[in-house]
Amino acid sequence: MFRLTHTIQLDAKIQARNYYYHIAVGMALATAVLFWWIFGQEELTYMIPLFFLFGIGGTTILLVGAIVLFEKRENTLQSLIVTPLRPSEYINAKIISLSLLAILEASLIVLFSYVLRYGLDFNLPLLATGAIFTGMMHSLIGLILVVRYQQINSFLLPLVAVALVLQLPAANLFGYTFYLFYLIPSQGPLLLLQAAFQPEAVAPWQLLFGFVASMAWIAVFYIWALRAFEKHILGG
């Protein structure tokens, strides 16, 4: 537990030193102002879940890639072989620190674009759960991808391809139900985010699916990330 706590603190310091928090806060405030200016309450019930999927999800994958590539360049990851830090603790620290960053960004957007105008007219626990699942899932997907590469240019092409697939369930937000998209991991968190603002649009079985599918995919991606880390970082 001490190693995990220390690693989370170290990750947070590195992220702050590289202005990741500044970027996240700046993007959140700019997005909130734009949403306030352009959209009314009904439109925001679509746009906020959509931005969580597109903006926060995509940003999280890109950030975890940038952090890991930076640590590779600085030979930080190679030094893990001779330290007591376990691969699971390294991955847990990344998930927690980046999920907290995603939650900070999400909270600012919701606060300044919605709460200050319309109050808490949504399901806060569902929104928080959907945001946490989004951050965790995209952090793990980013780790799975980035451990295979040494340069950001090589990482960007698969990142874009995966991000496009993960964003396909957004079509289900606008009254169209493509059940094929339920096979895409991001559909689970998106259902929770949609239910937070549009409870009448999400059936009970869809809400249950959102919880179960999100936790199942996160478990799968966690095992996958751990094995990929051991193979490409420790094994390499």
Side-chain angles (χ1 to χ4, degrees), residues 24-25 27-61 95-141 166-179 181-222:
V25 170
M27 287 182 59
L29 294 178
T31 302
V33 170
L34 187 65
F35 280 5
W36 182 303
W37 184 37
I38 296 178
F39 302 115
Q41 184 175 12
E42 184 177 354
E43 291 84 2
L44 286 174
T45 62
Y46 293 94
M47 294 307 301
I48 291 177
L50 196 64
F51 182 80
F52 277 29
L53 175 63
F54 284 15
I56 294 177
T59 301
T60 301
I61 294 182
I95 294 172
I96 293 171
S97 63
L98 288 170
S99 295
L100 290 174
L101 187 60
I103 291 170
L104 171 64
E105 187 175 358
S107 300
L108 291 173
I109 291 171
V110 173
L111 174 63
F112 287 104
S113 69
Y114 196 96
V115 174
L116 293 181
R117 299 168 70 187
Y118 308 111
L120 294 173
D121 187 23
F122 57 89
N123 190 312
L124 183 58
L126 279 180
L127 184 66
T129 304
I132 291 170
F133 283 164
T134 299
M136 293 177 65
M137 187 177 293
H138 286 79
S139 297
L140 288 167
I141 293 172
L166 290 173
Q167 291 168 2
L168 289 176
N172 288 331
L173 277 174
F174 299 98
Y176 305 98
T177 303
F178 299 99
Y179 288 107
F181 292 165
Y182 276 59
L183 300 175
I184 299 175
S186 55
Q187 177 66 72
L190 186 60
L191 283 170
L192 302 181
L193 296 170
Q194 182 182 14
F197 289 98
Q198 304 173 21
E200 72 287 347
V202 181
W205 73 265
Q206 292 175 306
L207 193 59
L208 178 62
F209 175 87
F211 278 106
V212 174
S214 297
M215 291 186 289
W217 277 114
I218 287 171
V220 169
F221 288 140
Y222 184 86

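In what follows, every heavy atom counts, from backbone to side chain, and hydrogens, waters and symmetry copies are set aside.
Of the residues Phe39, Trp36, Phe197, Phe51, the one that meets the ring-ring contact (aromatic ring centres under 6.0 Å, His included) test with Tyr114 is Phe197.
Taken from CG in Leu101 to OG in Ser139, the straight-line distance is 9.0 Å, to the nearest 0.5 Å. A distance of 11.5 Å separates CZ of Phe35 from CD of Glu43, quoted to the nearest 0.5 Å. Rounded to the nearest 0.5 angstrom, Ile132 CD1 and Ile95 CD1 are separated by 13.0 Å. Considering CD1 of Ile61 and CG of Leu98, their distance stands at 11.0 Å, rounded to 0.5 Å. Note that CD1 of Ile103 and CE of Met136 are 9.5 Å apart. Values are rounded to the nearest 0.5 Å. How far CG of Leu44 is from OG of Ser113: 5.5 Å, rounded to the nearest 0.5 Å.
The main-chain N or O of Glu42 is found under 3.5 Å from a side-chain atom of Thr45 such that the two form a donor-acceptor pair.
The minimum heavy-atom distance between Val202 and Leu207, with the atom names listed, is CG1-N, 3.8 Å. Closest heavy-atom contact between Ala171 and Phe181: CB-CE1, 4.0 Å.
Side-chain contact between Phe122 and Leu120 is present, with heavy atoms from C-beta onward closer than 4.5 Å. Here the side chains of Leu104 and Val25 are in contact, with some heavy-atom distance below 4.5 Å. The side-chain heavy atoms of Arg117 and Gln41, taken from C-beta on, include no pair separated by under 4.5 Å. Contact check for Thr31 versus Phe112: no side-chain heavy atoms found under the 4.5 Å cut-off. Inter-residue side-chain proximity for Ile38 and Met47 is flagged as unmet; no heavy-atom pair is nearer than 4.5 Å.
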**Request:** Assess whether side-chain contact (heavy atoms from CB on, under 4.5 Å) is satisfied between Val115 and Val110, documenting all intermediate values.
**Result:** CA-CA 6 Å; Val115 174; Val110 173; 3.9 Å; yes
Side chains of residues 182-193: which donor-acceptor partners sit under 3.5 Å, not counting sequence neighbours?
from	atom 1	to	atom 2	distance (Å)
Tyr182	OH	Gln206	NE2	2.7
Ser186	OG	Leu166	O	2.4
Gln187	OE1	Asn172	ND2	2.7

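Environment of CH2 in Trp205: crowded, with over 12 heavy atoms of neighbouring residues, nucleotides or ligands closer than 6.0 Å.
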